[in-house]
Amino acid sequence: MSKINLIAAREYTTRVRKKSFIIMSILGPILFSLIMVVPIWLATQEGDVKVVEVVDESGMFEGKFNETESLKFRYIDSALDMAKEDLKTGDFYGLLYIPAIALEQPEGIKFYVEKNPSLEVISSIEANVNKEIERIRLLEKGIDPQALEAAKSRVNIESINLAQGEEKSVSTWAPTAVGYISAFLIYFFIFYYGIMTMRGVIEEKANRIVEVVISSVRPMQLMMGKIVGIGGVGLTQFLIWVVLSFGLYVVIVSVFGLGGDPSMANNVATTEAMQSASDNGLSSEITKALDSVNFLQIGLLFLFYFLGAYLLYGSLFAAIGSAVDSDQEAQQFQFPVTLPLLVAIVMITAVIKEPHGPVAFWLSVIPFTSPVIMMMRLPFDPSLWELVLSMLALVGGFVFTTWLAARIYRVGILMHGSKVNYKTLARWFTIKY
Amino acid sequence: MALLTVQNITKYFGEYKALDNVSLDVPEKSIFGLLGPNGAGKTTLIRIVNQIYFADQGEVLFKGEKINTGHIANVGYLPEERGLYKKMKVGEQLLYLAQLKSIPKDKALEQIKDWMIRFEMKGWWNKKVEDLSKGMQQKVQFIATVLHQPSLIILDEPFSGFDPVNADHIKNEILKLREAGTTVIFSTHRMESVEELCDDIALIHKSKLVLEGQKKVIKEKFRDHTFELFHRSPFEISDNGGLKLLSQDKTKELNYQSIIHLPDDDINAALRQIADKTEIISFRERIPTIHDIFIKEVTQNDHE
C-alpha cells in the first residue's frame, strides 16, 4: 500500500508543479466566471438607440407604436422614394414602409435597411403593427381593447415536491442548469485526466523506466499509483477552479456593481434564469429556484461520481497506454473507450425531457454512462434506491475495468515495437504471466 | 553456498516455450555470467528471478528460501531496456527509486550522496535527466541499481551505451561490489567482459541450459590439447603417441607457426623431440576463450 502512495505522490507532485497545470488552474476560473458574468453584463448594457423612420400611407399607425429605450420611431410625411434616399445618408436605423392597407388583409409592409436587421427589431416592429391592427379590429367588432386586456390572466404555477415529507418548492430551470453543468464537468474531467493517465503510461514505456520500476513494485501497484495520483491532480484542479471561480465572480460582481443577491454567486446565473425571472422579483425568484437544489448533496455526489468515473475510465486508458508505443497508435483504441461517454452526452437532452423515464433510469445505472447521466438527473431527485443501485453499479464497474485493465497492462508495458490489435489484447488478457 | 538457486524452471508464452527445465546455482559473492544468443531466454529467466514473470514450473530460491516480494529490496536490477524519468531531477529520481525499494528516506539520501561523490557527480542533484549526456544517464542508472545495497545485483547488458572509459569505471565498480560481498549476475554478448570478470558462467541456448559451472572448470573441459609453436625453420614429424602436427605456416616475420596436438602427460618429451629439428621461439597452449566455447556450443546445437 505504501508503495502505491509513493507512486501516487510522485505522479501528483510532478504534475501539480508543471506550468500547464498552473496555467489551466488560473485560466479555467477566468473562463468560467466570464461565462457566468458576460451574459448578465450584456443584459444590463444598453445597446445603441435604433431610430426607425415610418412612412405610413395608411395613416393608421402614427404615434401608436410602443417605444423602448433602444427602439424609437419617427413618423415622416415624405414619399417612399425620398425616404429611401435619406436612409443612405441619414443617421437612422431603418425605414418602415406601410402602404395603404386593408384591415382584413394587411400586406405589403416593408422594412428598408442598410444593414440586415436583428430578429429582435423585426419581431418588435411586427408586434407593434399586429397590436395596432388587432386593436382596431376589436374596436370595429365593438369590443373595448382595455376590457380585454384587463381580462387576461397570467398564472405562475409553483411546483411543490412532497416526496421528502415536507413541502418543497421545485423549479425546473435551476436543476436543469445545475445538472447540465455538473454532467459536462464530469465528462470533461474524465476525458482530460483519462488521456493524461494514458500519456503517463506511454511515457513510462517510451522512457524504458517501466521495467526498472516493476522490479520494485507489482505492475498493478504502478498502475493504481498512477491512476490515484492523477485523479488527485484532477480533484485538486477542480477544487482550485471552484474556489477561484467563486472568488472571481464575487470580485467581478462587486467591482462592476452588477447587483443581485450575493447568494447567487456560488450558483450559476444563466440567461435562461434571467428570462424566466424577468418579470417580477428577479433575485428572489432565482434564490428560491436555487434553494430547491440541494447543493451539498450534489457536491458530495459529484465527488463520488467523478472519482468512480475516473477510476473506471482511468484504468481503461492506462491499459490502452500500456498496449501502444505512441499517442498516434493509441487513437484506434481510444474511440471505443470514449464512445459510452459520447453517448451519455448525446442522450442528455432525452434525459432532461424525461428525467424519470426508462432511458434516464438505465443510462444512470450502467456504470459507463451513469456518472454523466446521474449528475443530470440528480437535481430532479431520483429515488434513493435508484441512486444506491447506480452507485453500487459504478463501484462494481470500476472494480471490473481495473481487473480487466490490469491483465492487459502487466503484459503490455513490457512489449515494445509490436503491432497491437484487439486479438493481441485478448491474448494478453488470457495469457498466464 | 548458492545465493540463488534456479530449479527446473519452465516458462511458456502461449504455445512458445521460453525456458525449458532450466536449473542453475549462483554461488554467493561471485560474478556470474549468463550467456546466450538473442532470444535464448536470458531476459525471461532474469525477469522470473525479479518476479516480473512467474514460472509455469519450478522455483527460484533466494538464500534457500522460495523467492518472494520480501526479497525485492535485496535485489538490484538493471534491465536491458532501461531508462529514467526524463523530466525528473537526478537527486529526486534516485531518492524515489530507492524508496520504491523500501529504503527509508534519510538512509537513501546518505547513500545517494556517497555514490555521487564516488562517481564524480557533485552538483548533479538538481539537473534534469534529459539535460545529461547518455553516458552520464547511464551512471545515474547504475547508481539507481546498486543504491539500496542489494546482496544480488542483476545486470542485463550493462556495458551497452557506455564509452570505454565509463565502461571501465563500471567494471571496476562491479569488481569492488564483489569484494564487498555482493553477488553479481550479468547477461551479455560481450565475451571479453565475461572473460575478464566472471567466476562462473551459464549458457542458455534455445530455451535450454547447455553449459554451467565455474569458468576455469569449463575452460579446462574445453581444452583440446592443442599448442601454438613459433619456430625458425620448417620441420616434419611423424605421428607417435598422440603428438600430431595439425598445420604449419610461414609468418610475416619469416618464421613459422605450427599448431600441434600433444598428449597431455608428456609435453616436455614432445618439446625435446621438436627442439632437435628446429629452433623454438615460443610455445604456449591454446586455451579456448569463452568466445570460442560460446560459438562452438551454439553452432553445434544448431546443427543437431
Side-chain angles (χ1 to χ4, degrees), chain A residues 1-21 199-222 225-226 229 325 407 409-418 423-424 426-433, chain B residues 11-16 43-44 46-57 69 71-89 92-105 128-130 137 140-142 144-145 147-148 150 153-154 156 161:
Chain A
M1 195 60 209
S2 70
K3 286 190 178 173
I4 295 185
N5 288 342
L6 206 60
I7 293 164
R10 193 201 78 87
E11 297 291 341
Y12 182 84
T13 46
T14 51
R15 285 192 165 73
V16 168
R17 282 188 301 193
K18 267 189 188 164
K19 276 195 200 85
S20 56
F21 178 84
R199 293 236 168 94
V201 175
I202 294 177
E203 190 198 354
E204 266 172 3
K205 223 183 131 174
N207 277 353
R208 302 287 199 267
I209 184 142
V210 68
E211 196 170 348
V212 176
V213 176
I214 60 166
S215 66
S216 306
V217 302
R218 302 242 45 85
M220 177 77 172
Q221 290 175 310
L222 178 59
K226 186 173 274 306
D325 290 327
R407 290 186 70 94
Y409 180 87
R410 71 202 163 124
V411 184
I413 43 173
L414 292 174
M415 295 286 175
H416 292 289
S418 52
K423 226 172 111 191
T424 339
R427 207 178 61 234
W428 289 358
F429 179 74
T430 49
I431 207 170
K432 239 179 85 205
Y433 232 47
Chain B
K11 174 72 190 167
Y12 286 93
F13 289 118
E15 295 291 296
Y16 177 69
T43 300
T44 304
I46 287 175
R47 283 178 178 170
I48 288 173
V49 171
N50 277 297
Q51 302 169 73
I52 292 171
Y53 292 164
F54 295 99
D56 292 315
Q57 284 158 38
T69 45
H71 294 122
I72 279 173
N74 275 318
V75 180
Y77 175 37
L78 183 69
E80 184 177 6
E81 296 281 4
R82 53 184 173 253
L84 298 161
Y85 290 108
K86 298 226 174 336
K87 305 262 175 212
M88 240 177 143
K89 288 169 183 166
E92 280 177 352
Q93 179 132 229
L94 287 172
L95 185 60
Y96 173 65
L97 292 172
Q99 282 179 303
L100 281 185
K101 290 278 185 192
S102 312
I103 306 299
K105 196 175 173 181
K128 275 188 187 169
V129 169
E130 62 185 352
Q137 289 184 22
V140 177
Q141 191 103 50
F142 184 80
T145 310
L147 188 64
H148 55 292
I153 292 174
I154 302 173
D156 201 349

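By convention in this document, chain letters (A, B, ...) are assigned in the order of the sequence lines, proteins followed by strands, and residues within each chain are numbered from 1.
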Value rounded to 0.5 Å, distance of [atom1] in [X] from [atom2] in [Y]:
{"X": "B:Gln141", "Y": "A:Ile209", "atom1": "CD", "atom2": "CD1", "answer": "7.0 Å"}
{"X": "A:Ile214", "Y": "B:Tyr53", "atom1": "CD1", "atom2": "OH", "answer": "8.0 Å"}
{"X": "B:Arg47", "Y": "A:Glu211", "atom1": "CZ", "atom2": "CD", "answer": "4.0 Å"}
{"X": "A:Ser216", "Y": "B:Ile103", "atom1": "OG", "atom2": "CD1", "answer": "9.5 Å"}
{"X": "A:Asn207", "Y": "B:Lys87", "atom1": "CG", "atom2": "NZ", "answer": "9.5 Å"}

Chain A contact via B:Gln93 - which portion, at a heavy-atom distance below 4.5 Å: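 Side chain only.
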By a 4.5 Å heavy-atom criterion (distance strictly below it), what part of B:Glu80 contacts chain A: side chain, backbone, both, or neither?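 For B:Glu80, no heavy atom lies under 4.5 Å from chain A.
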Exactly one of B:Leu97, B:Leu100, B:Leu84 should register a side-chain contact (heavy atoms from CB on, under 4.5 Å) with A:Val212. Which one does?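 So, applying the side-chain contact (heavy atoms from CB on, under 4.5 Å) to A:Val212 and each of B:Leu97, B:Leu100, B:Leu84, only B:Leu97 qualifies.
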Show your working on side-chain contact (heavy atoms from CB on, under 4.5 Å) between A:Ser215 and B:Lys101 and close with a plain yes or no. CA-CA 9 Å; A:Ser215 66; B:Lys101 290 278 185 192; 3.9 Å; yes
Checking B:Thr145 now: which residues fulfil side-chain contact (heavy atoms from CB on, under 4.5 Å) with it, not counting sequence neighbours?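 With sequence neighbours excluded, B:Thr145 shows a side-chain contact (heavy atoms from CB on, under 4.5 Å) to B:Leu78, B:Ile153, B:Leu155, given in chain and number order.
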salt_bridge(B:Lys86, A:Glu203) N-O dist < 4.0 Å: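 Salt bridge absent between B:Lys86 and A:Glu203.
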Can you name the nearest heavy-atom pair linking A:Lys3 to B:Ser102, along with the distance?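 Looks like CE-OG, 3.5 Å.
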Which bit of A:Arg427 is near chain B, if near means a heavy-atom gap under 4.5 Å: side chain, backbone, both or neither?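 Neither part.
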Residue among B:Gly83, B:Ala144, B:Ala73 with most heavy-atom pairs under 4.5 Å to chain A: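 Highest number of heavy-atom pairs under 4.5 Å: B:Gly83.
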side-chain contact (heavy atoms from CB on, under 4.5 Å) between A:Val411 and B:Phe13: does it pass, once the steps are laid out? CA-CA 11 Å; A:Val411 184; B:Phe13 289 118; over 6 Å; no
